[in-house]
Each structure stands twice: as C-alpha cells, then as structure tokens.
Amino acid sequence: MNATDSITELRGAVEGAARALRDGERTEPAPSLDRPPKPELGDYSSNAAMLLAGPLGDNPRAVAERLSEELRRELGGSGSVDRIEVAGPGFVNLFLADAWYRRALASLVAADDLGPAPTAAPERILVEGPSANPTGPLHVGGGRLAAYGDSVVRLLQAVGHEVEREYYVNDAGAQVGRFADSIAARMAGEEPPEDGYGGEYITELAQEIAAEGLDPADREAIGRRGIELMLAAVEATLVRFGVEIDVWTSEQALYDRGEVESALAKLDEGGHTYRSDDALWLRTTTFGDDKDRVLIKSNGEPTYLTADIAYHWDKLQRGFDRLVDVLGADHHGYVGRIRAAIAALGGDPEAFEAPIMNLVHVVEDGERVQMSKRSGDFVSLDELLDDIGVDASRWFMLWRGHETAVDLDLAVARSQSSDNPVYYVQYAHARIASILRKAGAAAEAAAAGPDPQAEAVLEPSEKALIKRLLEFPDEVRESAARRAPHRICAYSTAVAADFHAFYRDCQVVGAEGEGVERSRLALCLATKRTIAAALGLLGVSAPERM
RNA sequence: GCGCCCGUAGCUCAGCCGGAUAGAGCGUCGGUCUACGAAACCGAAGGUCACAGGUUCGAAUCCUGUCGGGCGCACCA
C-alpha cells in the first residue's frame, strides 16, 4: 500500500488535463503540484497553464480557464474537489473536499511504509566516510562527516538503493611513523618529536602498549598496535554515535595485496604516465585536471594519491554503480584528480561524487573553542557526546546544508528547553505518545482500522497537517537525490509545528461528534509515525516520554 | 593569479534544475495553562535577497561581470 495515492490522483489529473489540451502530447517539464503560499489560494495549485501558454500560443489565463474545465471533467466524479479557480498570472488552484482528506488520511494510516515507493532504477552505492586518520580520536569535524554520510546512506536506502558504509583507514605512509615515534617517546618518558602527535591520548596509548610489553625500539609493532587501538576507539565512538560501518578498508592492505602496483601498471599500459624529474607522473590533465600529478616520488615512494587511485579502482571493481566520498572542505581540490584517475583507468568518472563538508565550529559563550586539553587537538566527538548527547549532536551537525560552515552553540544544544530545535520535534512525538496513552489501547487500535466516515467538517489545521504528512515521500526522494539530509530537519520541524497547531485547535480525546475522536486519533498515529520515520533518517531518537 | 564554496531579518540559517505578498529558529516587545504534555501556542516589530547588467509572461533562484568572506592550489596525508 502506497501512502501517496491521494497526491498521485491529483497529479495525474493535472497532467492528463494538460495532455488533453495538447492533443496527447506531454508537457516538459512536468507541471507542478504545489501548496500555494496562502490558504485562500486553495489546497494545491499548478503552474501547468503557464507552461502550456508558449506551446499553445495563447495567454496563460485563457489556457488556465480551459485547463480548469478539463480538470473539472476529470475530477468531477470523484467528489475530491469543491472548486477550481484561476488566479494570479495563470495558476490553477484546487480547493479539495473533506472527502479527499479523509481518503488521504485513511491511506496514511493503512500504509505499512510512509516513505517513498522504491526507485525504478536501484543502484549499488558505496558511501565512504569519515575515513579520519587513525592516528587520533575522532573529532567534531569527523563527526559531522560521519553524521552526514550515515544520514545520506539512510536516505538512499529509503528510496530503494543498495548502500554500504565504508571507512578507509590511512594506515600507511609517513604519518604512521610519526605516530609510532610519538608513542615511543612517551613510553620512554620523553616529549614527542616536533612534527609528532602531542595529545594526551598518546600518553594513554603509550601506557597501554608498554603494559602489553612491546619493545619501545620496535617502531613498526608500536605503530601497528597504536593504530589498532585507535581504530577500536574510533569505531566505539561511531557506534555510540549511531554509525555502523560495514567495511573497513586498510591502505596498507592495498599495498600488501599488490593492488597499488596493478593500478600503476594499468595506468602505464593506458599510456597515461610519464617520467620527469626522477618522478613518475599521471597525465590527469587529459581528463580535465588542472595539472598533472605525481604517482611515484623521486625517492621511489608512491604518493598518497597512488594508493587512493588503487582504492577507488578497487571499489569500482567490487561492482558499485556509484561511489560517494564524503570529504572535508580541505580536500575539495582532490575531486578532479580522482575523477581523472578513474577515467584514465577506463572507469566512468560520473560514477564518482564527493559532497564537500564545510567546517563545524563549536561555540561556547560566543567564542569558538577548538582546543581541548584531553585530545590536544580539536574537540573530540566523545567529549561532545558526553556534553550534549547523541540526538542534539546529530541534529546540529545535520540541520544546515553540508556546504555551509556551522556554529554549534553548546549552550543552545545543551539546553533541554524550547531553545533547542531538536527537542521541539521530539516534544511533538512525545506529546502524541501521551495522547495515545490517554486514549487507551482500544481507541488507538480502532483508529488504525477502517474509517467509519466522520460527520464533522475538518478544521483547517487538520487539513494542513494531513497535507504536510503527504509531502513526506517527496521530501525523502528529494533529500536523497540531492544528498541533503538537512531538508529532513526542516521537514520534521514543519510537521511538529503543524501538529502543535492542530493540537491547539482540535480536542482529540473525548472530541464531540460522530467518529471525530477516531479520525483525530488516526491523524495522531500517522503524525507520530511520520516524525519517527523522519528522525530515523537523521539518526535521532523519537522518545515516547521526555 | 587559478579553482571550489558562501554573501537572504539584529544573530544563525532555510528557500536556489524560474512562479503568487521571500520563510524558520534564536533575540526583542506583547498576549495565552479550570479538557488530551506551556519543552507548546498566538500576535507585533524586523528585508535595496551583496552590487550592476542580461535572459522572460515572471528572477533570491539561471547567465555575465564587480565587490566582500572562507577553503584549496605539494614529489603531505
């Protein structure tokens, strides 16, 4: 059962009417079916007449009149519309009958899934992130990448794609050596080297590794063990944060399996490499990069890019249709390179996309706090979770577009009050739960059953709430397609606001009138499910009580 | 200098593959608990959508240019 039949009926009628005016020809783009800015302008409106005016060579208002006639004919028998009006530059405005709303509500309650119907073109998608270096704890910036990537995965799954979460572990290269040196220095009771890692967590690692009896001189063993321990900590933080990584891929393992070498060989065979200044270069400029890139440094070592090319090739070989890398703002220059390399290897560069995440600043008392005694670096995600909890953390990392830098105000995020937008939405959910408890299990079950047809007319705020709930599938589709979880935050807030308005106007438990209580309980049920589903896409909990 | 992102209410930001009188939260001012949760609701004030051109029935939205801010431009990762 699909919950959007009511909307589909209207959209189909508008498109049908538009086609009729054009002797069966489709209109591109498809006519809109929007909610007008003012209630006086109807329940839904379409710009179809304005789109048709050009092709038909007539003025929009006249086309709108003809379109209205056609629509009246199509929808007349269903009892769905009260009236149809032409307004403004040529909008066709639909005023719907209560019967339409009652059917819509019934379909919402009966639907076993409130989300969108599965896409007709499902893809296998790999979402990679946050892939923070395993030489330190996850900090708040990494948390934003994780929250975003995870929420995008949930959105993509909700529209029917097959999606995996992957974390790429940079456990090779010079940084591992510096990491090992820093731990070894602490084990010896010395300060870490100038270019090493100075955080307090290094001291803790040193104690643990020393207790395990590792030889301070064995840098390789120390580095390996340090990264193991660090990764375990990172994973624990992610799990606590609600992010379950499906696959962990080690950079070192790519070397060990010879994948870096074979990627190099393949690039070589394709004739895309050349030697210059004792280094091996990849001619990425033939694929749109603004300069060529070094694959093997003049000292004979491969660059980070080389391993990353092998990694992306590996991902494509695993059969994914699409690779999504969630990257920090400081990596945005990287996208062109990877895309060029994929093309050089004969892959489809369009299969690769990389949403760039902007910074998150933690703000306390109007000032940005970045330093932390514990981690020696940025505020760690664990500290933030200790402070404001998972729900507020995820919300505040997601509620803005990923391309804008956000200030996360600790005082606001901490407050369990109306100042805090995440509680606003959760409160609506808890309030509904409370109403349902009041109504009792029998009443709730009755509300979920077939509609005996209430007599009373629907209040405007009831209709507004039903319309809002009907938007959910489109909102999920749009948010998934645009990789934009912040839209779900905005939508959740709108549902909560519409519910509070409904609550203000309409007594639920003990409402007067035949079938009115039942009908309003049904609306409460549908709203509660919608809020829970929306918050679920964000990884935020929907509490029964708070 | 080149590339990407951003410039919308006092503040933080939505809206951006064109639609009607540009929205929300916070902040400010005022009102609402003798029915189901006041963590809520209602009202008021607050805007040259950075600027200038262009495209068209229509531009915050698309194009060009200018100004301002952020980030990147490694044989680091």
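Here the structure is a predicted model, which is why all the values come from computation and not from measurement. Here is the naming used below: chain letters follow the sequence lines, and residue numbers restart at 1 for every chain.
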Closest of rC13(B), rG37(B), rC75(B) to the Arg400(A) side chain is rC13(B)
Would you please confirm or rule out a distance under 4.0 Å between OP1 or OP2 of rC16(B) and any side-chain N or O of Arg482(A)? yes
Does any non-hydrogen side-chain atom of Val390(A) lie less than 4.5 Å from one of Arg394(A)? yes
Are the charged groups of Glu15(A) and Arg11(A) less than 4.0 angstrom apart, N to O? no
On RNA chain B, does the nearest nucleotide to Ile296(A) precede the nearest nucleotide to Met546(A) from the 5' side, or the other way round? Give the residue. Met546(A)
Which nucleotide in the set rC36(B), rA14(B), rG37(B) lies at the smallest distance from any side-chain heavy atom of Arg545(A)? rG37(B)
Across the strands shown, which category fits Asn93(A) at heavy-atom distances under 4.0 angstrom: base, sugar-phosphate, nothing? base
Below 30° counts as parallel, above 60° as perpendicular, anything between as tilted: where do the rings of Tyr197(A) and Phe179(A) land? perpendicular
Taking atom types as they are modelled, would you say the side chain of His331(A) forms a donor-acceptor pair with the base of rG72(B) within the 3.5 Å cutoff? no
Using the criterion of both pairing distances under 3.5 Å for Watson-Crick and G-U wobble pairs, give all stems of 3 or more consecutive pairs involving RNA chain B. B:1-7 with B:67-73, B:10-13 with B:23-26, B:28-32 with B:40-44, B:50-54 with B:62-66
Check whether NZ of the Lys or CZ of the Arg Arg339(A) lies under 6.0 Å from the centre of the six-membered ring of Phe352(A) and within 45 degrees of that ring's axis. no
Need to verify one output field. Residue with the more 5' nearest nucleotide on RNA chain B, Ser45(A) or Val508(A)? Ser45(A)
Can you see if the side chain of Ser434(A) gets near the phosphate of rG37(B) - specifically, an N or O under 4.0 Å from OP1 or OP2? yes
Is there ring stacking between Phe91(A) and rA20(B), where the centres must be under 5.5 angstrom apart and the planes under 30 degrees? yes
Any side-chain N or O of Tyr424(A) below 4.0 angstrom from OP1/OP2 of rC41(B)? yes
Any luck finding a side-chain donor-acceptor pair between His312(A) and Asp325(A) under 3.5 Å? yes
With a 6.0 Å cut-off on ring centres, are Tyr427(A) and Tyr424(A) close enough? no
If we require ring centres under 5.5 Å and near-parallel planes under 30°, does Tyr503(A) stack on rC36(B)? yes
Hey, does Gln507(A) reach any base, or is it just sugar-phosphate, or nothing, if we go heavy atoms under 4.0 Å? base
Whole-Å C1' distance, rG72(B) and rU8(B): 26 Å
Taking the side chain of Ala87(A) as its heavy atoms from C-beta onward, which of rC36(B), rA20(B), rC5(B) lies nearest to it? rA20(B)
Kindly say if Arg487(A) contacts the phosphate of rC16(B), meaning a side-chain N or O under 4.0 Å from OP1 or OP2. yes
Respond yes when some side-chain nitrogen or oxygen of His500(A) is under 4.0 Å from OP1 or OP2 of rA38(B), and no when none is. no
Check whether NZ of the Lys or CZ of the Arg Arg431(A) lies under 6.0 Å from the centre of the six-membered ring of Tyr503(A) and within 45 degrees of that ring's axis. yes
Check whether any side-chain N or O of Thr306(A) sits under 4.0 Å from OP1 or OP2 of rC75(B), and answer yes or no. no
